[in-house]
Amino acid sequence: MKNQYQTQEAKIIKITRDSADVKLFRLEMVGGSVGAPEFYPGQIMEISLPGYGEAPVAYCSSQSQRKYFEICVREIGLLTKRLHELKVGDTIGVRGPYGNGFTTDVIKKRNMLIVAGGIGMIPFRSLLETACDNPDEYPKDIQVFYGSKNKEGLLFEKDYDKWCQKIDMHLTLDEGKEGEKIEGVYCDIGLITKLFEKTEVIKDAIAIVCGPPVMCKFVVNELKKHDFADEDIYLSLERRMECGVGQCEHCAVGPYFVCKDGPIFSWDKIKGIKGAI
Amino acid sequence: MANTFYCLNICATIVPIMIKDQLSQFIKYLLASNEIYGPVQKGSVLEVEKIAQPTELALNGQLTHHSWKKVFLPACEKLFDYKGSSLSEAINDYPQQVAFGLTTFDLKALNLFNHVYEKDPYYQRRKCKTLLIGQSVAPEQDARTFKVFTEKLEEDILEHLEFDIFFEQRGDSFRVMTGSEEGQRVLADFGYDDYEHIQFAGPTKEEGLSARTLAIKDQLKNHHDPKIWEKLGKKCIECGKCTVACPTCYCFRLDDEAVLTEGEGKRTRCWDSCFYREFSQVAGGHQFLTDTAQRIHYWYYHKFVRIPEQYGLPGCVGCGRCTRACPVGIDINETLAKIVNSDPVGAL
Ligand SMILES: Cc1cc2nc3c(=O)[nH]c(=O)nc-3n(C[C@H](O)[C@H](O)[C@H](O)COP(=O)(O)OP(=O)(O)OC[C@H]3O[C@@H](n4cnc5c(N)ncnc54)[C@H](O)[C@@H]3O)c2cc1C
Ligand code: SF4
Ligand code: SF4
Ligand code: FES
């Protein structure tokens, strides 16, 4: 019988340090004919380091890249610390993809505002890379608001140049020097809500938000002020996960499961659930 | 058959009966080639244990203190042996076993497990090797529960349960029913064929979930008073005993355990409890369920909202084990009455 907890081996073929505690790992499936599993941006996988357990992480590379896939991981505990010690050529286990991701066409038919705080930027890289690789499929406009504590914490700077050809990108730092340019992108100082005051927010758009819960609350308020309908606001939620397949009950939010029905939920669906964000 | 006895039941039809001696012989017969788990008297309570003698089985229609779930899903089970980053599926030894004496409550809970663990090779392998033998519940057991037996055993209950053989207590004897071909085969091999067969008609009735289950779900999801949880949160000591005793609690976590050889060990699945603080904890130490009130609400919400929505089955079978297990006297029927009768003050 098929075993849903079985993992497949993936080999690390490249490691790049992206900030003080974050590394980007390029992986290739071992033994298969293609190097990457099929996934949608926004979906997640469980990575497994036997002896250290498993951890849910987002796919971080373009959906069109079939030779390899990437994950971007912050070192924060047992498993992630061990992962950061691994070298090119080492293998890890992966299973998935899990969750809904951006599987519907809504992201291709509507303008899109992406709001990311801190490592909340990670799942969006896959979406932005996919959109840049497939401009015909993603003909609509994309605007990004990305906030980080400081300059050192910003992720994916090397990609900004490419993204900016398609994407209207705005950065803000909690602390730093006003007006500095990072990889060609103007940098504000202040909380992410400031970008809503200073920038002309994209119209007729859906908004997708990922970041710490406090940020999400403030951002939802801003979006409501800018007349975004509840069903046009999407949030990516974090919860403790064990199984990834809707069985273990660790990741429930009201009647939903982050692993199966999420991690992306429309605000419309979860706004009535106490503690959702 | 010569050794079959008959009695008149209330509606004056004649039903075949197995007497105690025969039952005892049947248990002995099964013991020859199976491990048998069943209710055994342990001090003042019954517990599900492995038996060696037919006389150990207490088939009196009483509920065991803890549920039967350990027979189908061990408290900790090895899923894989690991070496480096690769996992090899553990080939656990699943002996041919008999679960003897599951009450209708327990069989109802098994309906749910069958769905939850539908795609789980470990559960399925174990279940394929398990003969399910049910027994009717003693009438007085029913007083504190959802009064299941206002329904008719045969039409309303048994045809919606999966079992191989079922014994309905009739005084000192038992009426015998089968629910599967396997049950018929086992009885035939033993040399008994005066049973009635009940055709499994799916885990729910044609009309779906009961009105009561739907009413609780709606009330809990949309209309009840959240103060209920604050009060329960002050009482509950988060011991998790209710979750261990309950036949429908199935939360688990996955753990890795190293062995002495470098880079080798096993990945296990162990029962977990939503009453424990680490249950909702993520990296960095943040807990999404921040206090006892939220944890107990999560438990009720799982049973009475999430399970019915996810599986189309009731998440509570009304056995009352959680109430019996609770050291501080939290009574599920009282809580449900509060939920159903409380004022609509918005969702929690
Ligand atoms: C939907 C989703 C997507 C995520 N995507 C990413 C990503 O792309 N990059 C990234 O760096 N991080 C991501 N995370 C967070 C990441 O899963 C945790 O940082 C990681 O599990 C920490 O593991 P650890 O062993 O290093 O931490 P520890 O604190 O040592 O973990 C201890 C235990 O807690 C569990 N645990 C801790 N945090 C989490 C968590 N957030 N979710 C589930 N279980 C947890 C682990 O399973 C482990 O058993 C994501 C989390 C979720 C829920
Ligand atoms: S009555 Fe209590 S122990 Fe029995 S199924 Fe319901 S919740 Fe579980
Ligand atoms: S048995 Fe009672 S005290 Fe213990 S966790 Fe359950 S409700 Fe709380
Ligand atoms: S991770 Fe187990 S139910 Fe979602």
Side-chain angles (χ1 to χ4, degrees), chain A residues 1-11 30 46-56 74-80 86 90-95 212-213 237-258 260-261 271-277, chain B residues 79-89 116-117 119-122 124-125 217 221-222 226 249-258 262-267 269 272 274 278-290 294 297-299 301-302 305-310 346-348:
Chain A
M1 200 175 163
K2 189 176 177 307
N3 191 324
Q4 54 192 344
Y5 303 114
Q6 181 58 272
T7 56
Q8 253 67 55
E9 281 190 279
K11 189 163 86 189
V30 174
E46 285 280 354
I47 56 170
S48 147
L49 289 182
Y52 302 85
E54 297 187 302
R74 173 172 62 150
E75 181 182 336
I76 186 162
L78 262 165
L79 178 142
T80 49
L86 296 185
D90 288 338
T91 53
I92 66 168
V94 296
R95 58 184 177 96
L237 299 188
E238 181 184 9
R239 285 296 182 278
R240 171 67 168 257
M241 282 175 51
E242 293 285 330
C243 69
V245 292
Q247 240 182 3
C248 75
E249 281 298 313
H250 279 264
C251 72
V253 176
Y256 309 114
F257 296 97
V258 168
K260 203 160 76 74
D261 310 310
K271 65 181 171 188
I273 302 169
K274 197 184 158 204
I277 55 166
Chain B
L79 302 188
F80 299 100
D81 290 299
Y82 67 74
K83 201 171 181 176
S85 62
S86 72
L87 305 175
S88 52
E89 190 171 289
V116 176
Y117 291 99
K119 295 194 168 60
D120 191 88
Y122 308 93
Q124 292 300 334
R125 270 184 218 127
K217 179 163 91 73
K221 206 172 167 184
N222 305 314
C249 271
Y250 55 75
C251 304
F252 60 82
R253 53 169 208 279
L254 303 172
D255 288 333
D256 285 3
E257 274 174 47
E262 173 73 21
E264 291 183 31
K266 56 181 186 177
R267 180 160 289 169
R269 168 172 59 199
D272 207 346
C274 55
E278 302 75 32
F279 187 86
S280 70
Q281 185 167 317
V282 295
H286 179 70
Q287 288 167 1
F288 283 92
L289 302 173
T290 48
Q294 284 191 24
H297 170 256
Y298 195 86
W299 188 80
Y301 201 94
H302 180 213
V305 179
R306 275 200 295 280
I307 292 178
E309 292 197 347
Q310 194 180 1
L348 186 85

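Reminder, nothing fancy here: chain letters follow the sequence lines and each chain counts from 1.
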I'd like to check the side-chain contact (heavy atoms from CB on, under 4.5 Å) partners of A:L78; sequence neighbours left out, ordered by chain and number. A:Y52
Decide, yes or no, whether a salt bridge links B:E309 with B:K221 under the criterion of side-chain N to carboxylate O below 4.0 Å. yes
Under 4.5 Å heavy-atom distance to chain B, tell me which part of A:L49 shows up: side chain, backbone, both or neither. backbone
Turns out that what part of B:F80 lies under 4.5 Å from chain A's heavy atoms comes down to side chain
Report which part of A:Q6 has an atom under 4.5 Å of a heavy atom belonging to chain B: side chain, backbone, both, or neither. both
Side chain from CB out, backbone as N, CA, C, O: work out which of these in A:E238 comes under 4.5 Å of a heavy atom of chain B, or both, or neither. both
Charged N to carboxylate O below 4.0 Å: is that the case for B:R253 and B:D255? yes
Can you tell which of A:N3, A:T80, A:I92 has the highest number of heavy-atom pairs within less than 4.5 Å of chain B? A:N3
Residue part contacting chain A, namely of B:F279, when any heavy atom lies under 4.5 Å: both
Could you check which of A:T91, A:V30, A:L79 has the highest count of heavy-atom pairs closer than 4.5 Å to chain B? A:T91
Which one wins on heavy-atom pair count under 4.5 Å against chain A: B:K119, B:H286, B:K266? B:K119
Would you indicate whether the side-chain heavy atoms of A:V258 and A:V253 approach each other to under 4.5 Å? yes
Does the side chain of A:E9 pick up a donor-acceptor pair with the side chain of B:S85 at under 3.5 Å? yes
Can you tell me which residue among A:E242, A:R239, A:M241 is in a side chain to side chain contact (heavy atoms under 4.5 Å, CB included) with A:P56? A:M241
Would you call B:E278 and A:R240 a salt bridge, using N to O less than 4.0 angstrom? no
Looking only at A:Q4, A:H250, A:Q247, A:M1, most heavy-atom pairs under 4.5 Å shared with chain B are made by A:H250
Please classify the contact of B:Y117 with chain A as side chain, backbone, both or neither, using a heavy-atom distance under 4.5 Å. both
Which answer fits A:K2, side chain, backbone, both or neither, if we ask what part of it has an atom under 4.5 Å from a heavy atom of chain B? backbone
Counterpart residues, ring pair (Phe, Tyr, Trp, His ring centres under 6.0 Å), relative to B:Y250 (two or more places apart): B:H302
Quick one: of A:G275, A:A10, A:P213, A:G246, who has the most non-hydrogen atom pairs under 4.5 Å with chain B? A:G246
Tell me, for B:E264 versus chain A, whether the close heavy atoms (under 4.5 Å) come from the side chain, the backbone, both or neither. neither
Within the 3.5 Å criterion, strictly below it, is a donor on B:Q287 or B:S280 matched to an acceptor on the partner's side chain? no
Comparing B:A283, B:C274, B:G265 against chain A, the one with the most heavy-atom pairs below 4.5 Å turns out to be B:A283
Largest heavy-atom contact set with chain B, pairs under 4.5 Å, which of A:G77, A:C243, A:C251, A:G51: A:G51
Select one option (side chain, backbone, both, neither) describing which atoms of B:S86 are under 4.5 Å from chain A's heavy atoms. both
Between B:R267 and B:D256, is there a side-chain N and carboxylate O pair less than 4.0 Å apart? yes
